[in-house]
Amino acid sequence: MHIGLINRYRQWLGLPDLEPVTLGEGNTPMVHWATWNSCRIWLKLEGCNPTGSFKDRGMTVAVSQARHAGAKAVICASTGNTAASAAAYAGRAGLKAFVVIPSGQVALAKMIQASAYGATILAIEGNFDQALQAVRTVAEQESWIALVNSVNPWRLRGQETGAYEILDDLGTMPSALVLPVGNAGNISAYFHGFRRRNEGVPQMFGIQAQGSDPLVQGRDLDNVTTIASAIRIGRPASAHLAKEAVRESHGQFHSVPDSAILHAQEELAHGGIFVEPASAAAYAGLKVLYRRNLLPTGDVVAILTGNGLKDSQTPTMWAHVEPQLVKSQHLIESIGQFMNP
Ligand code: AN7
């Protein structure tokens with residue numbers, strides 16, 4: 001049953017006594033994908049959350065807290081998924097939502113989602129980092145507007161539930177966690193989630209896209225490119241926390257090129273798992289780590305953060321999306337040709 005994350009994990013969240021704003025988030029599938037030598041590879045399908053991404057874990061907590069504290073509206077900067085999630089939870093809570101996006105850089109389905117939920121979308125000329133700077137300034141000046149980006153500590157508290165759920169799914173601590181990194185909130189939240197449970201931490205591997213990999217390069221970037229628009233971020237707000245997570249868990253940051261991201265997306269999809277490019281980056285990174293012998297043995301979990309339908313344009317780069325035209329009376333012959341090409 002989907003009781004929502006606040007009801008499920010309230011004892012770990014440190015929340016005041018509030019009424020949860022929930023859409024039944026969490027409780028996502030943990031799929032045993034493969035066994036590579038002595039690594040059991042698990043995929044956590046965060047795209048199965050109510051708005052199609054992991055952001056719902058943090059948003060249920062941040063929006064519940066914002067409403068409890070008397071906010072009238074929420075605001076965020078976003079590459080798309082935070083926007084969709086904030087819009088949905090604000091709608092559920094009866095609050096207004098304002099989402100600020102880098103103009104022309106967000107996947108269409110994410111904007112459609114946010115506006116369908118009733119949010120006001122504002123686009124700025126500039127990148128995600130400038131949008132985040134702008135909304136931080138607004139939220140500092142207007143106390144009735146709650147900032148629900150991951151710089152809001154309640155967002156990260158909520159995203160810690162990803163770690164709790166993995167412990168529940170596996171019944172044991174995984175040896176490694178591999179996840180895509182953009183603004184660096186999620187990797188930090190998982191690390192703190194595992195630590196809070198006092199059962200040790202997995203090795204944390206943060207995967208970035210080449211062209212948008214400030215944590216691999218060790219410096220902020222002003223011009224960022226990658227096909228994975230969700231993680232097209234050059235100045236990660238939680239960089240310090242992410243570096244701490246990787247250092248203290250003896251993990252690493254890695255970056256993968258767009259070509260590897262597309263290939264990983266295709267490989268997952270052909271195995272029945274359709275994810276957006278940012279999430280495919282995690283799988284591409286997982287394969288590199290394995291090939292270079294960097295993965296520990298045991299349970300290795302990759303967090304597939306967003307649903308493939310979020311960015312349905314990208315697969316046209318590798319899939320035949322045009323249907324094959326056939327005559328209805330010749331259907332059986334046509335099928336025969338595809339079975340034995
Ligand atoms: C699918 O929605 O930053 O490192 O504004 O959508 O915690 O930022 C999204 C990020 C990975 C990176 N996968 O997580 C936003 C936004 C997907 C994402 C990330 C994002 P963080």
Side-chain angles (χ1 to χ4, degrees), residues 28 44-49 51-59 62 75-88 99-102 105-107 109-111 113-114 119 121 127-132 135 147-152 155-156 158-160 162 177-193 204-209 212-215 224 226-243 245-246 253 256 261 264-265 274-285 302-311 314:
T28 55
K44 185 75 169 155
L45 306 190
E46 290 292 288
C48 296
N49 273 298
T51 77
S53 86
F54 73 100
K55 302 286 183 183
D56 297 345
R57 290 186 183 276
M59 211 53 78
I75 193 167
C76 65
S78 183
T79 58
N81 281 325
T82 299
S85 186
V99 306
V100 180
I101 60 167
Q105 300 205 49
V106 170
K110 297 175 184 177
M111 288 194 287
Q113 249 190 313
I121 305 182
N127 57 28
F128 168 83
D129 305 296
Q130 290 158 323
L132 182 58
V135 298
L147 181 63
V148 293
N149 279 106
S150 55
V151 292
N152 175 337
R155 263 281 305 280
L156 293 189
Q159 283 172 215
E160 287 187 22
L177 201 73
V178 182
L179 69 179
V181 174
N183 213 22
N186 208 30
I187 190 170
S188 311
Y190 271 93
F191 179 68
H192 285 279
M204 309 285 295
F205 293 96
I207 310 299
Q208 301 209 284
S212 302
D213 52 356
L215 291 163
V224 279
T226 168
I227 198 162
S229 59
I231 51 172
R232 203 182 279 148
I233 294 173
R235 296 174 171 270
S238 298
H240 54 299
L241 296 174
K243 286 181 199 162
V246 162
F253 291 111
V256 290
I261 291 174
Q265 187 183 40
F274 187 26
V275 300
E276 67 172 280
S279 313
Y283 184 69
I303 310 297
L304 301 184
T305 44
N307 195 296
L309 293 172
K310 289 275 194 176
D311 192 343
T314 305

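Heavy atoms only: backbone and side chains are in, while hydrogens, waters and symmetry mates are out. Being a predicted model, the structure only gives us computed values, none of them experimental. Atoms within a ligand are numbered from 1 in the order they appear, just like the ligands themselves.
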Top protein contact for [atom], by heavy-atom distance:
| atom | result |
| --- | --- |
| atom 6 (O) of ligand 1 | N81 ND2, 2.7 Å |
| atom 20 (C) of ligand 1 | F54 CE2, 3.7 Å |
| atom 8 (O) of ligand 1 | N183 N, 2.8 Å |
| atom 7 (O) of ligand 1 | N186 N, 2.8 Å |

Applying side-chain contact (heavy atoms from CB on, under 4.5 Å) to A245 and not counting sequence neighbours gives F191

Could you tell me, atom by atom, which parts of ligand 1 come under 4.0 Å of a heavy atom of [X]?
| X | value |
| --- | --- |
| G80 | 2 (O) |
| T82 | 2 (O), 5 (O), 15 (C), 16 (C) |
| T79 | 2 (O), 3 (O), 5 (O), 9 (C), 15 (C), 16 (C) |
| E276 | 1 (C) |
| G185 | 4 (O), 7 (O), 21 (P) |
| V181 | 4 (O) |
| S78 | 2 (O), 5 (O), 15 (C) |
| A278 | 1 (C), 13 (N), 17 (C) |

If you measure from atom 19 (C) of ligand 1 to every heavy atom of D311, T305, I231, which option wins on shortest distance?
-> I231

Are [X] and [Y] close enough that some pair of their side-chain heavy atoms sits under 4.5 Å apart?
| X | Y | answer |
| --- | --- | --- |
| I101 | M111 | yes |
| V100 | I121 | no |
| R235 | Q130 | no |

Among the heavy atoms of A184, does any lie under 4.0 Å from an atom of ligand 1?
-> yes

Heavy-atom contact under 4.0 Å between P180 and ligand 1?
-> yes

Side chain to side chain donor-acceptor pair (under 3.5 Å) between S188 and S238, intermediate numbers included | CA-CA 7 Å; S188 311; S238 298; 4.9 Å; no

Which segment of I233 sits under 4.0 Å of ligand 1 when only heavy atoms are counted = side chain

With a 4.0 Å heavy-atom cut-off (strictly under), which part of K55 contacts ligand 1: side chain, backbone, both or neither?
-> side chain

Ion pair present between E46 and K55, side-chain N to carboxylate O less than 4.0 angstrom?
-> no

Check for a donor-acceptor pair, side chain of Q105 on one end and backbone N or O of N127 on the other, with a separation under 3.5 Å.
-> no

Backbone N or O of T226 within a donor-acceptor pair of the R232 side chain at under 3.5 Å?
-> yes

In terms of heavy-atom contacts, V148 and A62 come closest through CG1-CB, 4.2 Å

So, for V275 and A280, which heavy atoms are closest and what is the spacing to 0.1 Å?
-> CG2-N, 3.7 Å

Passes salt bridge (Lys or Arg N to Asp or Glu O under 4.0 Å), R155 versus E160? Steps please.
-> CA-CA 9 Å; R155 263 281 305 280; E160 287 187 22; over 6 Å; no

